Amino acid sequence: MGNGTRLTPQSEDFSAWYNEIVQQAEMASHSPVRGCMVIRPYGYRIWELMQAGLDGMFKATGHENAYFPLFLPKSALDREAEHVEGFAPETAIVTHAGRVELDEPLVVRPTSEAIIWPILRDWIHSYRDLPVLLNQWVNVVRWEKRTRPFLRTTEFLWQEGHTAHQSEEEAEEETRRMLGVYRTFMEDWMAMPVITGLKTDSERFAGAIRTYALEALMRDNKALQAGTSHNLGQNFARAFDVRYQTEDGEHVYVWSTSWGVSTRLIGGLIMAHGDDVGLVLPPRLAPHQAVIVPIWRNDDQRGTVLEAGERVRAALEEAGMRVHLDGREGVNPGAKYYDWERKGVPLRLEIGPRDVESGSVMAVRR
RNA sequence: CGGGGAGUAGCUCAGUCCGGCAGAGCACUGGCUUUGGGAGCCAGGGGCCGCGGGUUCAAAUCCCGCCUCCCCGACCA
């Protein structure tokens, strides 16, 4: 922090603005491997807050978290025809363990249907075992040709929900329910306007019968696909032979769904709200909901002002706010204002000697 | 993957054409003075000049290969 580098205005070059704010707000930085990024603490904190919000909503709708492995046998990916066609070109494949060539290559998951369904086959026997409502928070790898921080990275973090149901109607209901959960999160937590709808056949998830997507409006007037919810029909059940016995004793294929949102949401958050000054973060997802900037001229004032700042911080934290007191020495208040505006902190509280005397604070909204 | 641009200190870049001591501003460290919108002075620290090879007495600079980033396109859940 503390550098005075200017941001390219959005109106001049939105892409340049985006790349600069990702660096300057300390959201992410590059790594030595193509398309892979380091998510820095400030960016990761936003992800943690997103995870907490979404995870609560998933649990409230009956889902449980689990963890399935990073690797899948290449033969498993090959089981569903459209699925393999869609994902094969962008998978990373492990062929060696040390110097020894593996008998069967391992695919690094681009998504986990082909790992999860062979397992669910063993878990599902009876209609009493349904529905299965799972979610996992993991990393996945897709070798995309062109990458951008948060928006399309080679490795990214996401959650993927996977469910199994007795009927087509139930699966469709689940697909739309989770689409609705995403909409609620994007509107109420991210303050990001979205349009939901059905993807065309060519844009459908490889292996799905229907894909619903949320398209979010960015400040360059472009749409960003911010999340998807898929009705997989019986495609994966057939490919992995997952059947259950009905009350009538019949053996029938389950109906399934999958749905996901990723760290791309952070890119969406940046582009939905950020301006020429920097990030603008919605309070529910801001690492610091308020920042206190103390102002002093001498050691006496420094003591009383910092003490007042601590009191204000304690009171606001007591009320449930995430508050940061910026007590850095040798940095002018003005420089601190620029820093925190660039980082999108929703509320700034300035406390100087005059404020302490009058028992007030100066509050400025981002 | 095709076309174009770029890679030198943490950041932005000069130096490369025309080979000859590794540079600037900001940032960082220490000291003093400052502090209500990006502070000043003084003194310092910091380099695999993207990586590998070649040419040369000598390479940041010339040649070859590769990697990474950015833009346009194609591709894409």
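The model shown is predicted, which means the values in this text are computed figures rather than measured ones. Sequence lines set the chain letters: A, B, ... in the order given, protein chains first and strands last, and positions in each chain run from 1.
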Sequence neighbours excluded and cut-off under 3.5 Å, please list the side-chain donor-acceptor pairs for residues 294-301 of chain A, or say none.
{"residue": "A:N298", "atom": "OD1", "partner": "A:D300", "partner atom": "N", "Å": "3.1"}
{"residue": "A:N298", "atom": "OD1", "partner": "A:Q301", "partner atom": "N", "Å": "2.8"}
{"residue": "A:Q301", "atom": "OE1", "partner": "A:R297", "partner atom": "N", "Å": "2.7"}

Shortest non-hydrogen contact between A:T175 and A:S229, atoms and distance: O-OG, 2.6 Å
Under the salt bridge (Lys or Arg N to Asp or Glu O under 4.0 Å) test, residues paired with A:D248 that sit two or more places apart: none
Euclidean distance for C1', B:rA14 against B:rC76 (whole angstrom): 40 Å
Ion pair check, A:R366 and A:D275, cut-off under 4.0 Å: yes
A:R243 charged N/C atom sitting above A:Y253 aromatic ring, 6.0 Å / 45°: yes
Ionic contact status for A:K74 with A:E104, cut-off 4.0 Å: no
Nucleotide paired to B:rG2 in any strand shown, Watson-Crick or G-U, under 3.5 Å: B:rC72
Mate of B:rA60 where both pairing distances stay under 3.5 Å, Watson-Crick or G-U: none
Residue matched to B:rC66 through Watson-Crick or wobble contacts both under 3.5 angstrom: B:rG50
With A:E215, the salt bridge (Lys or Arg N to Asp or Glu O under 4.0 Å) member among A:R183, A:K199, A:K222: A:K199
C1'-based separation of B:rA60 from B:rC72 [nearest Å]: 30 Å
Spacing of the C1' atoms in B:rU56 and B:rG19 (rounded, Å): 9 Å
Base partner of B:rA43, which must satisfy Watson-Crick or wobble distances under 3.5 Å: B:rU29
Set of residues satisfying salt bridge (Lys or Arg N to Asp or Glu O under 4.0 Å) with respect to A:E168, sequence neighbours excluded: none
Summary of side-chain hydrogen bond (donor to acceptor under 3.5 Å, both in side chains) pairs that have at least one residue in residues 80-96 of chain A, sequence neighbours excluded: A:E82-A:R204
Heavy-atom closest pair, residues A:M186 and A:A226: CE-O, 3.4 Å
Atom P, compared across B:rC49 and B:rG10: separation rounded to whole Å: 12 Å
Letter per nucleotide, 5' to 3', of nucleotides 29-36 of chain B [B base touched, S only sugar-phosphate touched, - untouched; heavy atoms, 4.0 Å]: ------BB
Sugar-phosphate, base or nothing in reach of A:R264, heavy atoms under 4.0 Å: nothing
Interface residues of residues 206-220 of chain A with RNA chain B (non-hydrogen, below 4.0 angstrom): A:T211, A:A213
Between B:rC75 (C1') and A:K145 (NZ): distance, integer Å: 6 Å
Atom P, compared across B:rU34 and B:rC11: separation rounded to whole Å: 35 Å
Pair assignment for B:rC21, Watson-Crick or G-U wobble, requiring both distances under 3.5 Å: none
All pairs passing side-chain hydrogen bond (donor to acceptor under 3.5 Å, both in side chains) where residues 32-60 of chain A contributes a residue, at least two apart: A:R45-A:E48, A:D55-A:K59, A:D55-A:N65, A:D55-A:W137
Residues in salt bridge (Lys or Arg N to Asp or Glu O under 4.0 Å) contact with A:E341, at least two apart in sequence or another chain: A:R348
Pairs under 3.5 angstrom only: tabulate donor-acceptor contacts from the side chains of residues 313-323 of chain A to other protein residues two or more places apart or in another chain.
{"residue": "A:R313", "atom": "NE", "partner": "A:E310", "partner atom": "OE1", "Å": "3.3"}
{"residue": "A:R313", "atom": "NH2", "partner": "A:E310", "partner atom": "OE1", "Å": "2.8"}
{"residue": "A:R313", "atom": "NH2", "partner": "A:E310", "partner atom": "OE2", "Å": "3.3"}
{"residue": "A:R322", "atom": "NE", "partner": "A:A286", "partner atom": "O", "Å": "3.0"}
{"residue": "A:R322", "atom": "NH2", "partner": "A:P283", "partner atom": "O", "Å": "3.3"}
{"residue": "A:R322", "atom": "NH2", "partner": "A:R284", "partner atom": "O", "Å": "3.2"}
{"residue": "A:R322", "atom": "NH2", "partner": "A:A286", "partner atom": "O", "Å": "3.1"}

Nearest to side-chain heavy atoms of A:A335, which nucleotide of B:rG73, B:rC69, B:rA39: B:rA39
Nucleotide of B:rC76, B:rG38, B:rG73 approaching A:E90 most closely (side-chain heavy atoms): B:rC76
Residues that A:S262 engages under side-chain contact (heavy atoms from CB on, under 4.5 Å), provided they are two or more places apart: A:F156, A:W158, A:R264
Sidechain N-carboxylate O distance under 4.0 Å for A:D339, A:R328: yes
Within residues 14-21 of chain A: residues closer than 4.0 Å to RNA chain B (heavy atoms): A:S15, A:N19
Of A:W158 and A:P149, the one whose closest RNA chain B nucleotide lies more 5': A:P149
RNA chain B-proximal residues of residues 69-84 of chain A, any heavy atom under 4.0 Å: none
Earlier contact from the 5' end, RNA chain B, for A:G35 and A:R204: A:G35
No-H, no-angle donor-acceptor pair, A:R152 side chain to B:rC76 base, under 3.5 Å: yes
